[in-house]
Trainee: 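The structure's right below; bear with me while I get my questions together.
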Amino acid sequence: MKNLKRFGALFLSVVLALALAIPAFAAVDDTGFSDVDADAWYAEAVIYCREHNLMAGTGNNQFAPESNLTRAQFATVLYRIEGTPAVSGTDAFTDTSKGAWYSDAVLWVSQQNLITGYGGGLFGPNDPVSREQMTTILWRYAGSPVSDGADDYTDETSIASYAAAAVDWASVNNIVVPVSTGVFAPKSEASRAHIAAALMNYSRSQQTAPTTPTEPDPAPSEGTKVLIAYFSATNNTESIANHLDAILDADLYEITPEQPYTAADLNYNSDCRANDEQNDPSARPAISGSVDNMEQYDVIFLGYPIWWGQAPKIIYTFLESYDLSGKTIVPFCTSGSSGLGSSATNLHSLASNATWLDGQRFSGSASRSTVESWVNGLGLALTPAA
């Protein structure tokens with residue numbers, strides 16, 4: 001399972017100010033929801049989840065920050081983060097409906113042992129998620145890490161034994177916001193605002209999470225042939241690709257959709273083409289043209305925008321169109337907030353015989369010097385081929 005821990009290879013740190021349980025999020029001008037003030041402590045988190053298609057509104061331009069998510073809805077959130085992987089079989093619960101909107105998500109979370117149900121064959125799809133349940137599920141998704149040094153909450157004895165390690169992890173890493181100073185309220189329903197904040201805090205913390213040192217990948221030899229392949233719907237990724245081209249003097253290839261994306265196609269708050277593609281595991285948008293003589297390239301810098309925490313499905317089309325065995329692939333992405341996350345690791349299986357390096361997220365306005373510093377730190381001998 002490519003979980004949220006790997007989301008920071010890659011997806012996606014923020015440090016919360018726990019005093020009075022008011023996080024120190026950045027200010028925003030407009031949240032897009034009539035019931036979320038721009039200066040609300042959870043405003044940035046709400047925008048983050050909306051932009052990444054993790055939590056939409058409840059209708060009528062409302063987010064309902066004080067309402068709760070059901071267990072089926074929370075399962076669906078995690079399933080989307082994972083890229084809606086294909087599933088097979090049926091779940092073993094007696095209170096879920098076959099073919100329901102949540103069926104694939106519930107099957108997936110149960111197969112991954114993220115949400116195992118209440119026992120007695122019950123999942124509780126319509127039950128609200130409690131704060132200790134939410135925290136435990138996120139902790140399992142992170143790989144059940146061990147965390148030491150957590151301060152006790154004043155209501156520590158109310159935390160279920162199954163959730164104790166998870167709550168410690170969430171406290172040490174500033175993932176879950178307490179309801180007030182020193183109070184966790186484990187049995188209380190998790191509000192949509194607190195869930196949005198937890199999702200954002202976790203994914204962002206993974207952007208700067210330390211990685212275990214490994215042996216460096218062998219550097220390509222002198223005369224390395226480099227290709228910069230990129231998809232750019234709104235020109236942000238193109239800007240980074242152009243910086244790379246100037247730095248490396250490499251070959252540049254734009255991944256151009258056979259059917260161009262219109263503004264309506266990218267209207268993420270509607271039932272648009274981009275939403276449909278990202279939610280369809282089998283979607284492979286056609287590409288106009290192809291790379292000439294792909295076999296000549298040793299290193300491929302692969303760029304794309306982040307759509308709801310993942311690479312657009314046209315990147316899947318690109319990777320499946322060539323034999324990339326033996327090549328080194330260096331992913332990079334552009335986004336306004338989220339990191340590279342699992343968008344890269346979810347692509348690995350499409351070119352499993354290639355060597356994948358850790359990638360990097362940039363803002364669309366990143367300078368050439370910023371990009372060049374990243375390239376220089378890769379440890380690759382990227383002298384242009386003659």
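Here the structure is a predicted model, which is why all the values come from computation and not from measurement. Only heavy atoms go into these numbers, but all of them, side chains included; no hydrogens, no water, no symmetry mates.
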Trainee: Can E277 and Y261 be counted as having a side-chain donor-acceptor contact under 3.5 angstrom?
Mentor: yes
Trainee: Is R131 close enough and on-axis enough to F184, meaning under 6.0 Å and within 45°, for cation-pi?
Mentor: yes
Trainee: Using 30° and 60° as the class limits, which term best fits the ring planes of F301 and F332: parallel, tilted or perpendicular?
Mentor: tilted
Trainee: Determine, stepwise, if the pair S239 / N242 fulfils side chain to side chain donor-acceptor pair (under 3.5 Å).
Mentor: CA-CA 5 Å; S239 174; N242 286 334; over 6 Å; no
Trainee: Take atom CG of N60 as the centre, draw a 6.0 Å sphere, and report whether it contains more than 12 heavy atoms from other residues, nucleotides or ligands.
Mentor: no
Trainee: So does L252 get a backbone contact from the side chain of D245, meaning a donor-acceptor N/O pair under 3.5 Å?
Mentor: no
Trainee: Give a yes or no on whether the backbone of C333 and the side-chain of Y230 come within a donor-acceptor separation of less than 3.5 Å.
Mentor: no
Trainee: Is the shortest side-chain heavy-atom distance between T58 and S67 below 4.5 Å?
Mentor: no
Trainee: Can a donor-acceptor pair be found, under 3.5 Å and without considering hydrogens, that links the side chain of T70 to the backbone of Q73?
Mentor: yes
Trainee: If I compare all heavy atoms of F93 with all of S110, which pair ends up nearest, and what's the gap?
Mentor: CE1-CB, 3.8 Å
Trainee: Below 4.5 Å, heavy atoms only, C-beta onward: do F362 and N236 meet side chain to side chain?
Mentor: no
Trainee: Before you tell me yes or no, could you show the steps for I300 and V330 under side chain to side chain contact (heavy atoms under 4.5 Å, CB included), namely the whole-Å CA-CA distance, both residues' side-chain angles and the distance that decides it to 0.1 Å?
Mentor: CA-CA 6 Å; I300 301 171; V330 188; over 6 Å; no
Trainee: Between Y162 and T136, is there a side-chain heavy-atom distance shorter than 4.5 Å?
Mentor: yes
Trainee: Could you give the distance from OG1 (T84) to CG (N279), rounded to the nearest 0.5 Å?
Mentor: 6.0 Å
Trainee: Under 4.5 Å between any side-chain heavy atoms of I287 and F231, yes or no?
Mentor: no
Trainee: Is it true that K225 and D251 make a salt bridge, defined as a side-chain N closer than 4.0 Å to a carboxylate O?
Mentor: yes
Trainee: Write down the atom of S191, the atom of P65, and the distance for their closest heavy-atom approach.
Mentor: CB-O, 3.4 Å
Trainee: Short question: side chain of E372, backbone of S369 - any donor-acceptor pair under 3.5 Å?
Mentor: no
Trainee: Could you tell me whether a side-chain N or O of S103 sits under 3.5 Å from a main-chain N or O of A100, the two making a donor and an acceptor?
Mentor: yes
Trainee: Is there a donor-acceptor contact under 3.5 Å from the side chain of Q278 to the main chain of N275?
Mentor: no
Trainee: Ring centres of W374 and H243 under 6.0 Å apart?
Mentor: no
Trainee: For the atom pair CH2 (W169) and CG (L138), what is the distance rounded to the nearest 0.5 Å?
Mentor: 5.5 Å
Trainee: Is there a side chain to side chain contact (heavy atoms under 4.5 Å, CB included) between L319 and L302? Walk through the geometry before answering.
Mentor: CA-CA 10 Å; L319 290 171; L302 181 63; 3.9 Å; yes
Trainee: What is the minimum heavy-atom distance between Y118 and G124, and which atoms define it?
Mentor: CE1-CA, 3.8 Å
Trainee: Report yes or no: do Y202 and N173 form a side-chain donor-acceptor pair below 3.5 Å?
Mentor: no
Trainee: A side-chain contact here means heavy atoms from C-beta on lying under 4.5 Å apart; do N346 and Q310 qualify?
Mentor: yes
Trainee: Is S290 close to S321 at the side-chain level, that is, under 4.5 Å between some pair of heavy atoms?
Mentor: no
Trainee: Which heavy atom in S288 sits nearest to a heavy atom in Y253, and how many Å separate them?
Mentor: O-OH, 4.0 Å
Trainee: If you apply the rule side chain to side chain contact (heavy atoms under 4.5 Å, CB included), what do you find for N201 with N174, and how did you get there?
Mentor: CA-CA 7 Å; N201 294 341; N174 298 317; over 6 Å; no
Trainee: Once rounded to the nearest 0.5 Å, what's the spacing between atom OG1 of T135 and atom NE2 of H194?
Mentor: 10.5 Å
Trainee: Could you tell me which residues satisfy salt bridge (charged side-chain N to carboxylate O under 4.0 Å, His left out) with E320, sequence neighbours excluded, listed by chain and number?
Mentor: R284
Trainee: State whether the side chain of R140 and the backbone N or O of L114 hold a donor-acceptor pair below 3.5 Å, judged by distance alone.
Mentor: yes
Trainee: Is W139 reachable from V146 through a run of hydrophobic residues whose side-chain heavy atoms are each under 4.5 Å from the next?
Mentor: no
Trainee: Is the closest side-chain donor-acceptor distance between S367 and T370 under 3.5 Å?
Mentor: yes
Trainee: One pair to check against side chain to side chain contact (heavy atoms under 4.5 Å, CB included): W356 and T345. What are the steps and the verdict?
Mentor: CA-CA 9 Å; W356 287 81; T345 54; over 6 Å; no
Trainee: With a 4.5 Å limit on heavy-atom distance, are the side chains of V109 and Q112 in contact?
Mentor: no
Trainee: V129 and M134: which non-hydrogen atoms are nearest, and at how many Å?
Mentor: CG1-N, 3.5 Å
Trainee: So is R192 actually on top of Y42's ring, under 6.0 Å and inside 45° of the axis?
Mentor: no
Trainee: Nearest 0.5 Å, what's the CD-CD1 distance between Q360 and I240?
Mentor: 10.0 Å
Trainee: Taking atom types as modelled and ignoring hydrogens, do the side chains of T96 and D91 form a donor-acceptor contact shorter than 3.5 angstrom?
Mentor: yes
Trainee: If you measure only the distance, is there a donor-acceptor pair under 3.5 Å linking the side chains of D168 and S171?
Mentor: no
Trainee: Nearest 0.5 angstrom please: Y304 OH to I314 CD1, how far?
Mentor: 14.0 Å
Trainee: Search all heavy atoms of S325 against all heavy atoms of D323 and return the closest pair with its distance.
Mentor: OG-OD1, 2.7 Å
Trainee: Side chains of L380 and V226: closer than 4.5 Å at any heavy-atom pair?
Mentor: no
Trainee: Working to the nearest 0.5 angstrom, can you tell me the gap between L122 CG and R71 CZ?
Mentor: 9.5 Å
Trainee: Using the test side-chain hydrogen bond (donor to acceptor under 3.5 Å, both in side chains), find all partners of Q62 that sit at least two apart in sequence or belong to another chain.
Mentor: S34
